[in-house]
Amino acid sequence: MFKKILVANRGEIARRVIHACREMGVETAAVYSEADEKALHVLEASEAVSLGPSEPSQSYLNIDKIVEAVKKTGAEAVHPGYGFLAENARFAKRIEEEGVVFIGPPSAVIRDLGDKIVARRIMKDGGVPITPGMIEPGPDPARVAAEADKIGYPVLIKAAAGGGGKGIRIVNSGGEIADALAGASSEAKSAFGDGSVYVEKFFPKARHIEFQILADSHGNAIHLWERECSIQRRHQKIIEESPANVMTPELREKMGQAAVAAARASGYVNAGTVEFLVDEKGDFYFLEVNTRLQVEHPVTEMITGIDIVRKQLEIASGEKLGIRQEDVMGRGHAIECRLYAEDPRSDFMPSPGKIKYYKEPAGPGVRVDGGVYSGFEVPVDYDPIVSKLIVHGEDRDKAIARMIKALGDYVVLGVTTPIPFMIDVLNSEAFRGGDIFTDFIPRHFADWKPANRNKREALIAFVADELSGRASKKPIAAGKSRVPSPFDTLGNWRL
């Protein structure tokens, strides 16, 4: 096992990796930008190295600076987390060339699977069902239109590189092809440095189901069951759960075998996720492979009891999996809600700022993977994730009830979060009934507005006002003295 690893990321995922390393007796080196000088991952690592300015290109996306930090700290391995350089084949290759272990798949695998067109070819050759569409890039509108006519509208124009919902356009007729192609290509070029796009069939009503996989360098590969990821905004997931309520033992067997086949066909090593679309008829199609630790990996950990980050480190150090497929069992039900500093009333636009007061929920079956604290400034430069709230229950109904209670106990003051929105989603008849497809939010919550504040929310707002000092600075009428407030002394029990 490694003596020291460098975590090339920030926030909650950096803390998650650091905590796993501490359990294993592995020292950690953190990196940070000027915006994250007082971040928790910096305080919790064995040591930390400054990367400089907050701008991502000058810090967390700067390969040369991270390599310098690796050399400075003497780290034997690098964990990329998710986002930033996690799926950058050039970064993984550079780490390999430095004689340092990259905790993830080989750079060649990241390169191949990072190109969705190449990935589709690999999966087709490996016997994994893919969505109908092109397996070559399609820059020519006439060629794309011909393929769209063949597979039938609606279709998706998709970026060949990257992810995160960027470089995607839905096309409903041939007359929209040219503009959609130009828009998707331009956005992809700006976001990923590669404007290549292709067309595939769009399923307006489909489920986004993904399978967690683990593969070692000794030829062993397994899956750790599925995750339901259909609750999305802007093609990005916000609520995930496992097991998927649409799943049957037979379908799980077929999709799990396809996920393992995808791993074997691509030469995959370490942890990853194979994503599928499941249509209304129950047919499934390969979507893509995320060649990294997923944001929603805690959902799988909660139902299987397998520490995926620990497995990543063990695999990267050359150990065998030590788990057979028949050893993997799912127990109970788990749900994850991603808490961002964003406003669901304004199309989930980011809402960065200073967190004035922060209190996490607790209790049986409740887990919080967070990266903030009271007084922390949510930067404008990065993805505004505050934390991930994960709960586990005996069954789906109990897990939903536990999540609603935990969200109700969660206090984040100073920035807007989608907590009220998520409570309404979980309480909705559609969610409870399992009517979960990728169009869930536009179909059921397009015109969502928060209900009138209850007494508890009003009290929280008052506390926020007091904490910010606004209430205590109100002018006092002449001849009157200020009445002492119980909030003048801000002990924890008073809050």
Side-chain angles (χ1 to χ4, degrees), residues 1-33 36-37 39-52 59-110 214-218 220 268-272 291-294 297-298 301 305-323 369 371:
M1 181 49 64
F2 311 110
K3 292 181 180 178
K4 182 190 291 186
I5 74 163
L6 182 136
V7 185
N9 217 294
R10 65 179 296 276
E12 64 87 14
I13 192 57
R15 294 186 71 209
R16 169 71 184 92
V17 176
I18 289 168
H19 291 176
C21 289
R22 286 168 62 183
E23 282 186 12
M24 301 173 72
V26 178
E27 291 189 357
T28 53
V31 292
Y32 64 95
S33 70
D36 283 334
E37 187 175 0
L40 288 175
H41 77 279
V42 177
L43 303 174
E44 293 175 345
S46 307
E47 59 186 293
V49 178
S50 172
L51 297 177
S59 52
Y60 298 107
L61 290 175
N62 191 305
I63 294 176
D64 289 337
K65 286 187 178 180
I66 291 177
V67 170
E68 287 175 15
V70 172
K71 293 178 179 178
K72 182 177 180 179
T73 59
E76 302 164 281
V78 173
H79 195 301
Y82 60 74
F84 293 126
L85 295 169
E87 294 178 279
N88 187 302
R90 190 165 59 89
F91 174 59
K93 180 71 171 175
R94 177 73 181 277
I95 295 299
E96 293 167 353
E97 290 172 346
E98 294 291 338
V100 176
V101 176
F102 181 80
I103 301 175
S107 59
V109 174
I110 297 175
L214 290 176
D216 63 23
S217 55
H218 303 276
N220 302 302
Y268 204 92
V269 176
N270 213 268
T291 56
R292 55 172 167 80
L293 184 68
Q294 284 283 86
H297 75 274
E301 292 180 330
I306 296 171
D307 185 330
I308 296 173
V309 177
R310 187 184 190 99
K311 283 297 177 187
Q312 282 193 291
L313 269 66
E314 291 173 350
I315 292 169
S317 66
E319 295 182 23
K320 291 184 178 180
L321 264 181
I323 307 173
D369 283 17

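The chain is numbered in sequence order, starting from 1.
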Legend entry - Side chain to side chain, Val17 and Ile5, heavy atoms closer than 4.5 Å: yes
Legend entry - Carboxylate-amine/guanidinium contact Lys3 Glu76, below 4.0 Å: no
Inset, instruction - Measure the shortest side-chain to side-chain distance between Phe84 and Arg10 over non-hydrogen atoms and say whether it is less than 4.5 angstrom. - result: yes
Inset, instruction - Salt-bridge test for Glu314 and Lys311: reply yes if a basic N is under 4.0 Å from a carboxylate O, no otherwise. - result: yes
Inset, instruction - Would you mind reporting whether Val309 and His297 have side-chain heavy atoms less than 4.5 Å apart? - result: yes
Legend entry - Any Ile110 side-chain heavy atom under 4.5 Å of Pro105 side chain: yes
Inset, instruction - Measure from the side-chain N and O atoms of Thr28 to the backbone N and O of Ser46, and report whether any donor-acceptor pair falls under 3.5 Å. - result: yes
Legend entry - Check: Gln312/Arg310 side-chain N/O donor and acceptor closer than 3.5 Å: no
Inset, instruction - For Lys72 and Val49, indicate whether the former's side chain and the latter's backbone hold a donor-acceptor pair under 3.5 Å. - result: no
Inset, instruction - Without swapping roles, check the side chain of Asp369 against the backbone of Glu12 for a donor-acceptor pair under 3.5 Å. - result: no
Inset, instruction - Keeping the roles fixed (side chain from His41, backbone from Val31), state whether a donor-acceptor pair exists under 3.5 Å. - result: yes
Inset, instruction - State whether Arg94 and Glu98 are salt-bridged, where the test is any N-O pair (Lys NZ or Arg NE/NH1/NH2 against Asp/Glu carboxylate O) under 4.0 Å. - result: yes
Legend entry - side chain to side chain donor-acceptor pair (under 3.5 Å), paired with Ser107, selected from Lys93, Arg90, Glu97, Glu96: Glu96
